[in-house]
Amino acid sequence: MDSIRYIAGKEPHPRERRMIFRNVDREGWDTRFATYVADGGYLELRKALAMKPAEVTAEVRTSGLRGRGGAGFPTGVKWTFIPPDNTKPVYLICNADESEPGTFKDRYILHQDPHQLLEGMAIAAYAVGARKAFIYIREEFPDAARILEEAIDEAVRENILGENILGTEFSLEIIVHRGAGAYICGEETGLIESLEGKRPYPRIKPPYFPAALGLWMCPTIVNNVETLCHVKHVIAMGGSEYAAVGTRNNSGTRILCVSGDVVKPGYYEIEVGRMTLGELIDDVCGGMRPGRALKAVIPGGSSSKVLRGDETFTIRTPDGASSGLALRDIPLDFDTLAACGSMAGSGGVIVIDDSRSISWVLNNINAFYAHESCGQCTPCREGALWMRKITDRVVEGRGTPTDIDTLLSIAGQIEGRTICAFGEACAWPTQSFIHKFRDELTGATSEDNAAKASNPEAVAQRRYLAEAAAAGSAR
Amino acid sequence: MPPNPKPATPLDLPDELRQKIDAIVSRYPESPRAAVLMVLHSLQGRFGYISEDGIRWTAERLGLEPVKVLEVVSFYPGFHQHPVGRLHFRVCRTLSCAMAGSIELMEKLCELKGIDIKAMHGHRNPVLVSDDGEVSVEYAECLAACGFAPVCMVNHDTHEHLTADKAADLLGQYRAKSGETSAAH
Ligand SMILES: Cc1cc2nc3c(=O)[nH]c(=O)nc-3n(C[C@H](O)[C@H](O)[C@H](O)COP(=O)(O)O)c2cc1C
Ligand code: SF4
Ligand code: FES
């Protein structure tokens with residue numbers, strides 16, 4: 001490992017532990033098959049093919065690997081959801097739609113280390129019994145789509161993919177499928193509809209859990225790019241050794257994507273739970289911009305609930321006691337962030353300093369969800385747009401204090417009342433920003449606005465009164 | 001309607017591209033419909049947008065009602081139903097980029113090309129084309145490079161740290177490049 005050199009200026013931070021991003025920004029590295037194999041690539045596939053599929057799944061379960069796409073669901077457990085009496089074909093889909101705001105990790109795997117992903121996918125496909133797999137990649141990564149197709153062609157020529165891989169009974173075809181610029185295609189059932197050639201309207205669960213009724217109503221396993229890469233390392237290390245990386249129930253490494261108001265934004269691969277939010281911001285990312293203070297952190301992509309810079313959280317420790325935890329002391333894992341009322345989500349950490357107006361930030365997020373709602377469910381389609389329109393007017397100085405409660409009531413009527421989790425994703429920012437920054441948001445509104453001359457309602461009211469008066473005088 | 005390898009709707013496609021499309025369709029023996037996004041990408045790659053004939057041709061090729069193709073084209077922001085500029089700018093509008101100045105970048109691009117930015121308002125992220133057809137601009141949602149904001153795509157290329165002060169230079173680079181290629185032809 002010590003022999004690896006990185007491109008000058010792009011060296012990993014000493015606090016990083018690079019497994020998945022080992023080859024990202026690596027000096028002399030390229031995406032060719034030969035480069036990957038010379039570095040020990042595809043040994044884990046050989047190892048897995050010598051095991052029984054169920055043994056591979058068992059290792060992944062033992063490893064405690066949790067999905068890196070957003071929900072953090074245990075990967076090995078997901079794989080066992082394929083009905084045991086299934087006789088239909090099984091499909092594996094790699095979710096390379098990477099579109100949760102604040103998330104930028106899969107991009108670098110896809111562009112710089114395609115064979116790592118292909119190896120992870122081949123192992124996963126073998127474990128779940130898939131003979132055909134898809135990489136659903138967002139349209140905005142055209143170069144990566146080409147790189148992946150070249151990598152697949154090379155792997156087929158080398159008998160790493162295709163028929164009777166490495167002389168075994170196992171065959172696998174991988175197809176690169178490009179999306180077309182819609183966030184909802186990242187939601188796994190929307191993705192499946194999109195792959196089938198339709199509008200990406202998510203399916204209702206139950207009954208359409210992909211592992212049972214997925215692509216073409218066949219059992220389908222959908223995993224994130226980073227998750228599938230981890231599978232390779234689980235096989236390399238063995239499930240129990242992998243489980244020892246990171247912390248209990250939060251195993252392995254994960255890539256954190258830091259953006260916003262820090263000195264050195266970027267991607268950092270850390271052992272899950274072995275670094276605090278404060279260490280990430282102050283040590284790894286070089287702290288806040290000069291002269292600025294931390295105001296808020298969105299810890300897991302824009303859909304995760306915002307945390308306040310000066311907040312203290314009361315959480316229960318495993319032994320049942322409760323303890324107070326300052327924001328900077330939160331260990332970056334799945335469970336603590338959930339206990340603090342937010343989530344680790346997709347690993348996108350957006351840092352916001354005291355130069356930012358909270359109403360402007362919330363409005364930007366609301367505009368995203370208003371644009372990206374697929375439009376299937378009324379609460380989401382209408383509510384997301386109403387929330388955007390209300391924060392629009394708050395930002396423009398036309399909001400009234402009652403707007404804040406209106407926002408809350410709209411968000412509350414979306415959450416839990418929609419087909420897919422986009423509903424929560426668009427309600428949570430509004431709910432959490434109001435919960436944490438109510439005073440600032442209310443301060444951006446004014447009682448006077450209800451009656452301000454420029455307010456459309458006031459204009460309509462004046463016209464009405466004038467017309468009524470004219471009608472009265474004519475009589 | 002069965003898929004038809006030789007659609008009746010006329011479309012000016014080179015043989016090479018027709019063969020590429022045949023290869024794409026053959027990857028989806030389970031359902032030709034699944035090939036629709038990939039076929040549309042091929043057409044948009046050739047024509048820059050998806051015309052009505054393109055929709056009909058795709059429908060015939062895959063054995064679908066034309067509306068099944070239209071509903072896809074009209075849903076996805078990645079497909080254009082009208083020609084875009086020779087240089088198509090997609091400026092990321094989402095939080096990390098907006099914090100780093102992507103709104104100012106959009107304003108600058110519009111100013112440089114005399115595009116009326118007021119038409120940019122609303123929640124649909126419209127495509128605006130300059131009068132000379134050289135440049136079109138559009139807001140995109142998070143392009144997944146937020147740590148290196150502001151992020152902007154020009155045709156298929158992604159540019160990071162693209163603040164407004166670099167807009168004129170970037171435009172100049174693309175002009176120089178297209179000058180080179182047209183001189184070479
Ligand atoms: C609105 C929405 C958008 C999503 N976008 C993505 C995405 O861009 N990439 C991704 O991997 N997962 C995304 N997910 C999560 C997927 O639905 C799915 O849970 C995930 O791909 C499973 O992979 P994992 O178990 O490996 O995490 C999204 C979910 C929702 C509700
Ligand atoms: S919640 Fe929103 S995004 Fe999800 S299916 Fe309903 S309308 Fe579509
Ligand atoms: S916010 Fe612009 S790339 Fe993510």
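For the numbers below, each heavy atom of this structure counts, side chains included, while hydrogens, waters and symmetry mates do not. Just so it is clear: chains get the letters A, B, ... in the order the sequence lines come, proteins before strands, and each one is counted from 1.
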Query raised in the report: Which members of residues 179-186 of chain A, sorted by number, sit under 4.5 angstrom from chain B on a heavy-atom basis?
Result: A:G179, A:A180, A:G181, A:A182, A:I184, A:C185
Requested in this report: With a 4.5 angstrom heavy-atom cut-off, could you sort out which part of B:R93 is near chain A: side chain, backbone, both or neither?
Outcome: both
Requested in this report: Specify the closest pair of heavy atoms between B:L95 and A:N364, including all atoms of both residues, with the distance to one decimal.
Outcome: N-OD1, 2.9 Å
Query raised in the report: Salt bridge between A:K132 and B:E30, side-chain N to carboxylate O under 4.0 Å?
Result: yes
Query - Point-to-point distance, once rounded to the nearest 0.5 Å, from CD of A:E372 to CD of B:E141 - result: 5.5 Å
**Report entry** Which portion of A:V361 sits near chain B, non-hydrogen atoms under 4.5 angstrom
**Finding:** both
Query raised in the report: Given that the side chain runs from C-beta out, which part of B:F148 has a heavy atom under 4.5 Å from chain A: side chain, backbone, both or neither?
Result: side chain
Query raised in the report: Has the side chain of A:R178 got a donor or acceptor atom that lies under 3.5 Å from a matching backbone atom of B:M38?
Result: no
**Report entry** Which portion of A:I298 sits near chain B, non-hydrogen atoms under 4.5 angstrom
**Finding:** side chain
Report task. Tell me, with the steps shown, if A:H177 and B:Y28 meet ring-ring contact (aromatic ring centres under 6.0 Å, His included). Result -> CA-CA 11 Å; A:H177 191 97; B:Y28 302 88; 5.6 Å; yes
Report summary line: Distance col, row B:H156:NE2 vs A:F141:CZ, nearest 0.5 angstrom, shows 13.5 Å
Query raised in the report: With a 4.0 Å cut-off, would you call B:R27 and A:E149 a salt bridge?
Result: yes
Query raised in the report: Measuring from B:C146:SG to A:R107:CZ, what's the distance to the nearest 0.5 Å?
Result: 9.0 Å
Query raised in the report: Applying a criterion of heavy atom separation less than 4.5 Å, what residues of residues 261-270 of chain A form contacts with chain B?
Result: A:D261, A:P265, A:G266, A:Y267
Requested in this report: Grab the two heavy atoms, one from A:H371 and one from B:N125, that are nearest each other, plus how far apart they are.
Outcome: NE2-ND2, 3.4 Å
Query - Which atoms of B:A149 approach chain A - backbone, side chain, both or neither, heavy atom under 4.5 Å - result: neither
**Report entry** From CG (A:D143) to OG1 (B:T158), nearest 0.5 Å
**Finding:** 7.0 Å
